[in-house]
Every structure is written in C-alpha cells, then in structure tokens.
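Every value quoted in this text rests on a predicted model; they were computed, and no experiment measured them. FYI, side chains are in, hydrogens and waters are out, and symmetry mates aren't considered; it's all heavy atoms of this structure. Below, chains carry the letters A, B, ... as their sequence lines are ordered, and counting in each starts from 1.
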Amino acid sequence: MLQFYDTMMRKKRLFRPIEEGKVRLYSCGLTVNDYAHIGNLRAYVFVDLLRRWLEYRGFDVEHVMNITDVDDKTIQGKQKEGVSLDEYTEKYIDAFAEDLKLLNIKKAKITPKATEHIEEMVRLVKILMKKGYSYRSKDGSIYFDISRFKNYGKLSKMKIGKLKAGARVKVDEYGKEQAADFALWKAWDLDDGDVFWETKLGKGRPGWHIECSAMSMKYLGKTLDIHTGGVDNIFPHHENEIAQSEAITGKKFVNYWLHNEHLLIKGERMGKSLRNFYTLRDIIDMGYNPVSVRFLLMSTHYRKQFSFTFESLEAAENALHRLRDFMGRLDECKNNECTEGVEGLIKEASQDFEDALDDDLDISRALATVFNLVREVNKLIDMKKLCQAGARQVRDLIRDFDRVLCVFSDSWQPKERKLSNEVERLIRKREAARKARDWKTADAIRDKLQKSDIILEDTPNGVKWRKRRVKKR
RNA sequence: GCCGGGGUGGCCGAACGGCUCAGGCGGCAGCCUGCAGAGCUGCUUUAUAUGGGUUCAACUCCCAUCCCCGGCUCCA
C-alpha cells in the first residue's frame with residue numbers, strides 16, 4: 001500500500017496516479033547563481049529516492065526538474081562579473097549536474113531552463129490578463145491579483161489578511177495593490193542591464209513563479225501527480241504556482257505535494273545567506289566519499305529536519321564501509337552446502353524493506369531491515385552455515401535494494417591515489433622486515449607513516465594503505 | 001504577533017496506546033592477527049523536556065509550562 005504525506009491535506013494518502021502505471025513528477029530545481037550546498041542537495045537526494053522507489057514499484061516516471069537561470073541574484077552576479085547571463089549560469093549548471101552525478105542521483109528526463117521558455121510564460125500571462133486575474137502597475141510590471149483567486153492560501157494554510165501583519169512586507173515599493181500579490185512579469189529597469197526580452201507583454205523578464213507553471217504544463221500537462229520542493233517553497237512559490245496554474249486551466253494543478261525539510265548546521269538552517277554551508281566539493285576535498293554524503297542525506301526521513309555534523313558524516317561513512325565489507329564476505333563464501341536456509345531471512349527482509357518505503361519512504365525502517373539482515377547473515381557466515389548459493393541469493397536481494405539506495409557499489413576514488421617514492425620505499429622496506437619477523441623495524445615504519453597521515457593495514461591480500469582524513473575548519 | 005515541526009540512551013536516530021522502546025555510530029569484551037588496524041559476534045536497557053490529566057495500559061492521547069528549529073521576505 002503505497003502512500004505519501006501530502007502537504008495539501010496534511011496527512012498520508014494512498015498514492016494513485018492519474019494514469020495507470022505512470023507518474024508525472026515535477027521538482028523545483030536550483031537557482032543557478034552559486035554552487036549548490038549540501039542542504040540544497042538534500043532536496044535532490046530525496047527526489048531521487050522517491051523516483052527510484054516509484055520505479056522499483058513499476059511506475060514509469062516522467063520526471064521534470066527546472067533550472068531557474070534568471071532572477072535577481074543571477075542578474076546581480078552576472079553584472080558583477082561582467083559576463084553574459086548564459087556564461088554566468090553555465091558554470092553553476094555544470095557544477096550542479098556534476099554534484100548530482102557524484103551523489104548517484106538519476107538525471108531528470110527533462111531539465112528545462114527558464115530562459116528557454118519565455119514564450120510559454122508570456123502565453124500564460126496573457127491568458128491570465130484576459131481572464132482578469134492580473135493588473136499592470138505604473139512601471140509596466142504585471143501582477144497576479146490574489147484576491148481574484150478564491151482559495152489562495154490553501155496549501156500553506158495562510159490567511160491573506162494575516163500576511164499583511166507580517167512585519168517585513170514591502171507593499172508600496174513596486175506599486176502592488178496588495179502585499180501578497182506577486183509578479184508575473186517584471187518590467188525592465190536599469191539594474192537589469194542587458195537582461196530582458198522584448199515580448200508582447202513589453203520589455204522585461206518573467207516573474208519567478210510563472211516558469212514552473214509554464215514548464216510543468218508544457219512537459220507534463222495540466223495536472224501533475226507529484227510536485228516536490230523544499231518546505232521553504234510552500235509559501236509563496238508553490239502557493240503562487242497553484243493560483244496561476246489553476247486560474248489558467250481551471251483544473252487541479254497537483255495531486256500530491258511532497259516537501260522536504262531543511263538541513264541544519266549547528267542548530268540553524270543551512271543557507272547561503274547565513275554563510276554556514278558546505279558544498280559537496282568542500283566535503284570531497286576533506287577526503288570524504290560523496291556516496292557517504294548521499295547515505296547521510298538520505299538516511300534521515302525527508303520530512304524531518306536534521307543537523308549536519310562531521311561526526312554523523314563519519315558515522316555514515318563507517319556504516320557504508322560495513323555494508324560493503326559484507327558484500328565482500330558474501331563473494332568469498334564458497335561453502336557447498338547450506339546447513340541452514342536463508343530463504344526465511346530473505347523473504348522477511350524483502351517484505352519489511354518494501355513495506356517501509358511504501359509508507360511515505362520510511363527510510364529508517366528500511367535501513368534497519370538491511371542492517372538486521374546483514375547481522376543475521378554474518379552470523380551464518382561465522383558459523384559456516386551459509387553456502388555459495390545462499391550467499392548469492394542474499395547478494396541479489398541487496399543489489400535489488402541498491403537499485404533504490406545506490407550506496408553499495410562504489411566506483412568513486414579519491415583524487416590522490418599515488419604515493420611518493422619515498423613512502424613506497426618505506427612500505428617495501430617494512431614488508432621485508434615483516435618477512436624477516438623483525439617486528440620492531442616494521443612497527444617503527446608503520447608509526448612513522450602514520451605521523452604523515454598514511455595508515456597501513458596488513459590484510460591477507462597484502463598490505464593496504466589509506467590516507468587519514470584531514471579536517472579543515 | 002500569526003502558522004507549522006520538534007524535544008527519546010555517550011552521540012545520531014526509529015517507534016507514536018499494550019507484544020523485548022528499531023537501527024547506526026561510539027565505547028567495552030571475545031574471536032581473528034606477530035602486534036596494530038580492518039572484519040565478525042556479544043555487551044553497552046530502570047533513555048522518552050517538565051508538571052498534571054485520560055486509560056486496565058502512554059514515548060505515543062489531552063491540558064499547562066519551559067526550550068529548540070522552521071515558515072510568514074529571494075531561499076532546497
């Protein structure tokens with residue numbers, strides 16, 4: 001019984017797509033005025049889990065994620081650097097794509113850019129004007145008149161009257177008639193420089209909210225199955241999307257609204273303005289594996305705030321290490337006869353895992369299932385009660401889970417995989433000493449290398465080395 | 001001010017009326033190892049912010065209090 005928590009209804013609801021077997025999924029993507037930080041990335045890890053789970057359940061997922069490549073901040077940034085808007089946003093778009101790849105996040109089928117859909121937006125604004133949902137201000141900008149939209153505020157449960165009481169709403173500045181009215185089209189002004197489009201609406205650029213209405217409608221139709229975004233988007237962005245879209249089509253815009261909570265750092269929301277963020281690059285540079293970041297961001301339920309700490313990242317990395325070692329143990333399992341069946345364990349784990357994720361992506365329960373399976377099977381291996389065939393079955397099950405989790409296989413390698421000649425020489429010297437059972441020399445070399453952050457581990461397959469992580473900041 | 005979400009063991013995090021209060025990390029012990037590390041297993045359980053109430057039974061529901069976070073402004 002697949003169900004999701006719908007922000008509109010404020011409760012879990014059984015999931016039923018519009019069209020049997022197909023899901024129209026729209027996600028609010030990034031505004032590309034800077035590198036994404038891991039708080040931003042949490043939203044996309046969440047969407048990825050959602051998408052992969054839907055696919056696991058046999059749905060064909062039509063996933064669209066927009067890129068906001070024109071807004072106040074991108075224009076400001078571009079002016080500051082003295083480059084074209086495209087040039088400015090391109091590097092952040094590329095970096096974002098790379099981040100997603102490093103986190104094993106599946107690409108959306110379509111990632112439309114706002115600047116490439118001006119025409120569609122203009123068309124929608126014209127419809128709104130025609131239907132009388134908008135007005136033009138003195139400077140030529142066009143605003144959506146929320147008093148004309150009956151259920152404005154239904155998603156965020158906000159009353160428009162109350163909104164005005166909120167301290168920092170600038171009413172007069174742009175000639176809006178009401179504080180909560182929002183821009184559909186912004187008339188060009190000096191600060192915009194060369195960023196403008198000459199359209200039937202005049203010279204200017206689109207408001208922020210209209211792009212999602214235009215692009216979701218174009219690629220997915222009038223009604224979406226699922227729309228995702230961070231909780232900060234509930235108001236005003238998604239509220240406004242609903243108003244625009246439903247005013248235009250007269251149809252329900254979205255059937256299920258799914259919102260992820262924020263990532264905190266030191267008890268506060270991670271955000272660009274607070275300068276308390278880490279990018280994925282920062283974390284990789286400290287020597288962590290990006291897949292550990294995926295695991296960490298994924299392992300707390302998406303509707304719950306959680307705090308990022310290096311301790312928890314470390315814990316995530318260790319947990320993954322344990323899982324991968326487990327897979328290694330399975331591969332090495334060569335017994336001919338299973339003295340105890342694993343079918344029961346597999347069946348139970350499989351059922352529990354699926355039940356958990358069906359229940360609004362209850363990842364904690366799902367991961368608990370995985371770890372329980374690991375422990376039980378490890379016991380069998382220790383007692384030599386697991387055979388090769390049984391091991392294969394377990395491995396197949398985990399691989400199956402990993403279609404959703406995507407944390408087991410790990411192709412990522414830290415950049416510096418080379419040792420200096422001096423260090424290599426020492427390692428060879430130590431190997432010779434060990435062979436001669438000269439433990440004193442061997443241990444001295446190991447200690448010495450450890451001081452320069454190279455950790456040696458003797459394994460049945462020879463000596464292995466790794467770098468000790470260097471923590472910055 | 002208005003509207004949400006929370007406060008669980010050394011730390012992170014589940015459960016949300018009763019069936020042993022998941023799981024991870026860390027710590028400790030055993031196995032393994034020349035030693036160390038890694039790995040595996042076991043232990044780490046009189047843990048549910050505080051004070052009342054409802055109930056045969058509350059972490060779970062109700063009331064009050066304290067504290068934390070978020071939204072009300074561009075923001076994942």
Side-chain angles (χ1 to χ4, degrees), chain A residues 7 10 27-31 33-34 36-47 68 71-74 76 153 156-159 161-170 179-180 208 228-237 239 259-264 267-274 295-296 299-309 311-323 325-326 328-329 352 356 362-372 374-375 377-379 381-383 434 437-440 442-443 446-447 450 455-460 463-464 466:
Chain A
T7 308
R10 302 284 156 108
S27 305
C28 277
L30 194 70
T31 302
N33 57 23
D34 202 348
H37 57 69
I38 55 173
N40 298 129
L41 294 172
R42 182 186 188 191
Y44 309 112
V45 170
F46 150 61
V47 174
T68 301
D71 78 321
D72 291 355
K73 281 185 185 162
T74 45
Q76 267 170 34
S156 55
K157 308 279 182 261
M158 286 221 240
K159 294 172 191 100
K162 300 277 185 197
L163 219 64
K164 270 188 155 174
R168 288 163 293 173
V169 185
K170 297 174 280 186
W208 173 38
T228 69
V231 288
D232 49 285
N233 279 329
I234 295 172
F235 188 91
H237 185 50
E239 202 66 76
H259 291 99
N260 62 279
E261 258 296 351
H262 289 304
L263 184 65
L264 308 181
E268 277 186 304
R269 171 182 173 180
M270 184 178 285
K272 283 174 188 165
S273 51
L274 293 163
F295 185 77
L296 177 65
S299 58
T300 294
H301 185 86
Y302 74 93
R303 278 193 290 115
K304 191 152 183 169
Q305 293 176 343
F306 86 100
S307 286
F308 173 81
T309 60
E311 287 70 25
S312 59
L313 180 59
E314 206 87 28
E317 195 143 287
N318 290 339
L320 280 188
H321 201 67
R322 179 160 183 235
L323 294 178
D325 283 335
F326 174 69
R329 290 193 94 199
D352 288 352
D362 191 345
I363 190 73
S364 304
R365 232 165 78 208
L367 291 177
T369 299
V370 173
F371 281 103
N372 279 328
V374 169
R375 187 177 332 90
V377 172
N378 265 329
K379 275 191 215 170
I381 295 173
D382 282 355
M383 294 184 294
R434 285 187 69 220
R437 304 185 72 80
D438 177 3
W439 311 125
K440 207 174 157 189
D443 291 354
R446 186 170 63 197
D447 290 349
Q450 194 167 73
I455 311 229
L456 295 186
E457 288 173 12
D458 301 320
T459 76
V463 63
K464 280 186 183 165
R466 63 188 163 90

Report task. Sequence neighbours left out, what passes ring pair (Phe, Tyr, Trp, His ring centres under 6.0 Å) with A:F295? Give chain and number order. Result -> none
Report summary line: A:H259 meets the ring pair (Phe, Tyr, Trp, His ring centres under 6.0 Å) criterion, sequence neighbours left out, with A:H238, A:W257
Report summary line: By side chain to side chain contact (heavy atoms under 4.5 Å, CB included), A:R10 pairs with (sequence neighbours left out) A:Y5, A:T7, A:K157
Mind checking if [X] touches a base, just sugar-phosphate, or nothing, with heavy atoms under 4.0 Å?
X	result
A:R446	base
A:D443	base
A:N233	sugar-phosphate

Query raised in the report: If the sugar-phosphate is the primed atoms plus P, OP1 and OP2 and the base is the rest, what is the B/S/- string for nucleotides 21-28 of chain B, using protein heavy atoms under 4.0 Å?
Result: -BSSSS--
Under 4.0 Å between a side-chain N/O of [X] and OP1 or OP2 of [N], yes or no?
X	N	answer
A:K379	B:rG42	yes
A:T31	B:rA76	yes
A:K304	B:rA14	yes
A:R269	B:rG71	yes

Query raised in the report: Closest heavy-atom contact between A:S307 and A:G267?
Result: OG-N, 4.3 Å
Query - Closest contact, heavy atoms only, A:A316 versus A:L296 - result: CB-CB, 4.0 Å
**Report entry** Integer angstrom distance from the P of B:rG23 to that of B:rA15
**Finding:** 14 Å
Report summary line: Parsed dot-bracket for RNA chain B after applying the Watson-Crick and G-U rules with both distances under 3.5 Å and | for other-strand partners is (((((((..(((.....[....)))((((((.......))))))....(((((..]....))))))))))))....
Mind listing the N/O atom pairs, protein and nucleotides 29-32 of chain B, below 3.5 Å?
none

Report task. Check whether the side chain of A:D458 and the base of B:rC35 form a donor-acceptor pair under 3.5 Å. Result -> yes
